[in-house]
Amino acid sequence: MTQKNRANVKENLQRSAGLKLILTTLIFCGILMLGYISVSAQYLSPEIIACYKSVQARYACFNKRREGEFEKAKEREANRRSILEAKMKLRLELLPQPKQQRENKRQEITKIIEASRSRNISHKGERYSLTYGHVLEIHP
């Protein structure tokens, strides 16, 4: 190896050692910062500490945090039910119902029959007269 190659190799090793040192320092500082953040995130206020002194205190704190939620839940449920009922009414109005269609057809047929009776014309188009009593019809 020449003198110049040795100098380049030595210079590259020094650079990589410097980078390793900087990276190690950054990682170490990051770990310290995360440790500090996690410890500071666990800071407990006197109110929180008082809530965990006994079972009764914990229950009282729980009730204080949940105050009014039952009424809000009832309101949300009533609102949800009213929305569902309105959607169901719209759906029934917009979609054709088979029973309603049959009823409409039956009403139309009834109107046609009443109109033909008022004109004294049978369904075959022939005139007929109303008779009272029993009419015997002969079937082949």
Here the pair of heavy atoms bringing A57 nearest to S54 is N-OG, 3.2 Å
Who pairs with R81 by side-chain hydrogen bond (donor to acceptor under 3.5 Å, both in side chains), at least two apart in sequence or on another chain? E77
Please list every donor-acceptor pair under 3.5 Å in which a side-chain atom of residues 60-68 meets a protein atom from a residue at least two apart or in another chain.
none

Start with the C-alpha distance between R58 and V55, add both sets of side-chain angles, then the distance that settles side chain to side chain contact (heavy atoms under 4.5 Å, CB included), and finish with yes or no. CA-CA 5 Å; R58 189 166 50 230; V55 174; 3.9 Å; yes
Gap separating the CG atom of N104 from the CD1 atom of I109, nearest 0.5 angstrom: 11.0 Å
Side chain to side chain contact (heavy atoms under 4.5 Å, CB included) partner of I83, chosen from K87, R80, E85: K87
Tell me, please, which residues at least two apart from R106 pass salt bridge (Lys or Arg N to Asp or Glu O under 4.0 Å). E103
Got a second to check how far E75's CD is from N79's CG, nearest 0.5 Å? 9.0 Å
Under 4.5 Å between side-chain heavy atoms, counting indirect links through other Ile/Leu/Val/Met/Phe/Trp/Tyr residues: same cluster for L92 and L94 or not? no
